Trainee: 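Let me give you the structure first, and then I'll get to my questions.
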There are 2 protein chains.
Amino acid sequence: MSGTNTRSRGRPRLFDEDAVLDELTELFWRKGYSQTSMADLVEASGVHKSSLYSTFGTKEELFAKILRRYFAGRMDMMSALVDRAGPGVDGIHAFLELLRSDLVSDSSQYGCLLVNTSSELCGSAPGFEGFGVEFRKALRERLRALIRQAEPDGIADQRVTDQRTDLFMTFMLGLNLTVRGGADENEIGRVIDAMNATVDTWR
Amino acid sequence: MSGTNTRSRGRPRLFDEDAVLDELTELFWRKGYSQTSMADLVEASGVHKSSLYSTFGTKEELFAKILRRYFAGRMDMMSALVDRAGPGVDGIHAFLELLRSDLVSDSSQYGCLLVNTSSELCGSAPGFEGFGVEFRKALRERLRALIRQAEPDGIADQRVTDQRTDLFMTFMLGLNLTVRGGADENEIGRVIDAMNATVDTWR
DNA sequence: ACATTTTACTACCGATCGTTAGTTAATGGT
DNA sequence: ACCATTAACTAACGATCGGTAGTAAAATGT
């Protein structure tokens with residue numbers, strides 16, 4: 001407003017909040033919620049425990065914040081993949097190719113944090129289920145749009161689209177477990193090729 | 001050998017080991033390894049903590065025993081489903097129908113313990129990864145046999161079989177997450193129908 | 001009857017869990 | 001200079017964690 005940044009009043013933070021959240025996300029992503037202790041988070045971030053609490057609240061609140069943040073980023077990424085993929089059956093192939101490129105990168109070797117968390121905590125911490133449910137719903141919407149574009153105009157059959165979307169979603173979930181299970185580049189490639197072969201029957 | 005049961009020497013157990021293992025399995029299955037405490041196991045089984053330790057060893061050892069036991073039972077069940085399914089593409093449909101019957105029952109609402117465990121602990125307790133890896137390998141073998149029988153003799157293409165097996169395995173893993181995510185009978189049915197439609201293209 | 005073996009049961013261990021009070025340090029506002 | 005505000009940092013809290021002595025009880029063997 002007045003030309004310069006309005007600094008906050010008290011002592012300034014020694015750490016960058018976003019950078020720390022990234023590091024904490026990586027930990028939760030790899031080890032899961034209950035296997036990640038506050039001591040682990042302190043060690044990974046270099047931020048003192050009390051500072052973590054005063055900044056992010058309790059472990060539950062911190063994890064909820066991390067899940068929301070991850071949700072937004074993950075959906076942005078997925079949407080970007082769908083957008084870049086383009087229309088038609090070739091669009092689905094392109095999407096799978098973009099997905100492959102991402103999955104073989106180091107940053108995605110733990111699968112999807114939201115899916116993992118949903119599976120880890122659905123039987124014990126019902127509060128976190130919602131994130132996974134919401135995410136799957138949102139992702140399903142995007143994938144459905146991608147698949148719908150692969151059907152020729154005028155012949156689009158809603159039930160066929162839904163069925164293919166169900167299969168594709170289930171495939172994505174299975175792929176998540178495959179990646180988290182430690183699959184290497186070859187295995188990921190094979191699985192995606194298998195889906196490509198199925199998608200080819202959609203022409 | 002001598003006509004009567006050879007009783008053990010000391011004070012007899014007040015609990016049935018198999019029944020207790022069943023109860024403990026259910027707990028681990030639902031809540032996962034790290035969210036299940038020894039106190040939980042004591043409460044669920046009614047067996048005192050020291051008795052659990054003297055009978056099954058540490059929590060890690062107990063869990064390993066439970067995983068081995070579950071492994072055997074799960075593979076028996078899967079093999080039975082494959083055997084009952086019969087040959088041909090209709091055999092795969094039959095397999096999926098048997099699978100559906102099982103998944104809507106209460107006992108399977110938590111997915112597969114081995115798959116869940118593999119996902120939960122692969123980033124923190126590397127000792128338990130092996131069970132899931134072995135199980136997926138064994139299951140894959142069975143499914144491959146089922147799928148191979150669906151290809152007409154003489155035309156069987158090994159690469160096609162492998163590709164369909166990859167897709168089917170990925171589907172099974174995704175279905176596992178779908179079930180554990182709390183899917184109801186309808187959603188499970190829709191997902192299985194979607195796979196059925198794909199299998200129909202294999203004729 | 002007595003010793004041996006195995007289990008049931010109580011009580012407790014040190015370590016780690018998530019969490020918080022209390023103090024020192026660094027900034028902006030007046 | 002002084003105050004208000006915010007954060008860094010230390011030190012500890014009670015609870016729970018997995019795990020284990022030590023003792024009482026119930027069976028078999030001789």
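Please read all numbers here as calculations on a predicted model, not as lab measurements. Within every chain, numbering begins at 1; the chains are lettered A, B, ... in the order of the sequence lines, protein sequences first and strands thereafter.
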Trainee: Polar pairs (N or O, both sides) under 3.5 Å between protein and nucleotides 4-8 of chain C?
Mentor:
{"residue": "C/dT6", "atom": "O2", "partner": "B/R11", "partner atom": "N", "Å": "3.0"}
{"residue": "C/dT7", "atom": "OP1", "partner": "B/R13", "partner atom": "NH2", "Å": "3.1"}
{"residue": "C/dT7", "atom": "O4'", "partner": "B/R11", "partner atom": "O", "Å": "3.3"}
{"residue": "C/dA8", "atom": "OP1", "partner": "B/L14", "partner atom": "N", "Å": "3.0"}
{"residue": "C/dA8", "atom": "OP2", "partner": "B/S51", "partner atom": "OG", "Å": "3.0"}
{"residue": "C/dA8", "atom": "O4'", "partner": "B/R11", "partner atom": "NH1", "Å": "3.3"}
{"residue": "C/dA8", "atom": "O4'", "partner": "B/R11", "partner atom": "NH2", "Å": "3.4"}

Trainee: Under the side chain to side chain donor-acceptor pair (under 3.5 Å) criterion, do B/S34 and A/S34 qualify, and how do the steps go?
Mentor: CA-CA 7 Å; B/S34 46; A/S34 46; 3.0 Å; yes
Trainee: Determine, using ring centers only, whether A/F131 and A/F71 are less than 6.0 Å apart.
Mentor: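 Centroid distance A/F71-A/F131: not below 6.0 Å, so no.
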Trainee: Give the rounded distance in Å between these two atoms: CG of A/L41 and P of C/dG18.
Mentor: 8 Å
Trainee: Between P on D/dA12 and OH on A/Y53, what's the gap in Å once rounded to a whole number?
Mentor: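 For the pair A/Y53 OH and D/dA12 P, the rounded distance is 18 Å.
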Trainee: Quick one: label B/S34 by what it contacts on the DNA or RNA (base, sugar-phosphate, nothing), any heavy atom closer than 4.0 Å.
Mentor: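 It contacts nothing in the nucleic acid.
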Trainee: Measure the distance from CE on B/M38 to C1' on D/dA15 and round it to the nearest whole Å.
Mentor: 18 Å
Trainee: Less than 4.0 Å between a side-chain N and a carboxylate O, is that true for B/D90 and B/R203?
Mentor: yes
Trainee: Do B/D193 and B/R100 pass the salt bridge (Lys or Arg N to Asp or Glu O under 4.0 Å) test, and can you show the C-alpha distance, the side-chain angles, and the key distance before you say yes or no?
Mentor: CA-CA 10 Å; B/D193 285 345; B/R100 184 209 312 258; 3.5 Å; yes
Trainee: Do A/E17 and A/R13 sit within salt-bridge range, that is, some charged N less than 4.0 Å from a carboxylate O?
Mentor: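 Counted as a salt bridge, because a side-chain N and a carboxylate O are separated by less than 4.0 Å.
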Trainee: Can you say whether a donor on the side chain of A/K59 sits under 3.5 Å from an acceptor on the base of C/dT19, or the other way round?
Mentor: no
Trainee: B/Q35 has an atom CD; how far is it from atom P of C/dG18, in whole Å?
Mentor: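 Value for this atom pair: 11 Å.
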Trainee: Given atom CD of B/E43 and atom C1' of D/dC17, what is their separation to the nearest angstrom?
Mentor: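 Computing the B/E43:CD to D/dC17:C1' distance gives 16 Å.
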Trainee: If an axis is fit to five pairs at each end of the helix from C/dA1-D/dT30 to C/dT30-D/dA1, what is the angle between the two, to the nearest 10°?
Mentor: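 So the angle between the two local helix axes works out to 0°.
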Trainee: Under the side chain to side chain contact (heavy atoms under 4.5 Å, CB included) criterion, do A/R136 and A/S118 qualify, and how do the steps go?
Mentor: CA-CA 10 Å; A/R136 286 196 294 269; A/S118 189; 3.5 Å; yes
Trainee: Tell me whether the centres of the aromatic rings in A/Y33 and A/F128 are closer together than 6.0 Å.
Mentor: yes
Trainee: Side-chain N or O of B/S37 versus OP1/OP2 of D/dC17: is the shortest distance under 4.0 Å?
Mentor: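 Yes, B/S37 has a side-chain N/O under 4.0 Å of OP1/OP2 on D/dC17.
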Trainee: Looking at A/R69 and A/D18, does any basic side-chain N land under 4.0 Å from a carboxylate oxygen?
Mentor: yes
Trainee: Check the distance between C/dG18's C1' and A/F56's CZ and give it to me in whole angstrom.
Mentor: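 After rounding, the gap between these two atoms is 17 Å.
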Trainee: Please say which of B/K49, B/K31, B/K59 ends up in a salt bridge (Lys or Arg N to Asp or Glu O under 4.0 Å) with B/D40.
Mentor: B/K31
Trainee: I need the CZ-P distance between B/F63 and D/dG19, as an integer number of Å.
Mentor: 14 Å
Trainee: Expressed in angstrom and rounded to an integer, what is the separation of A/L62 atom CG from C/dT20 atom P?
Mentor: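 Whole-Å distance recorded here is 14 Å.
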Trainee: Both B/K49 and A/A39 contact DNA chain C. Taking the nearest nucleotide for each, which residue is further toward the 5' end?
Mentor: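 Between the two, 5'-proximity favours B/K49.
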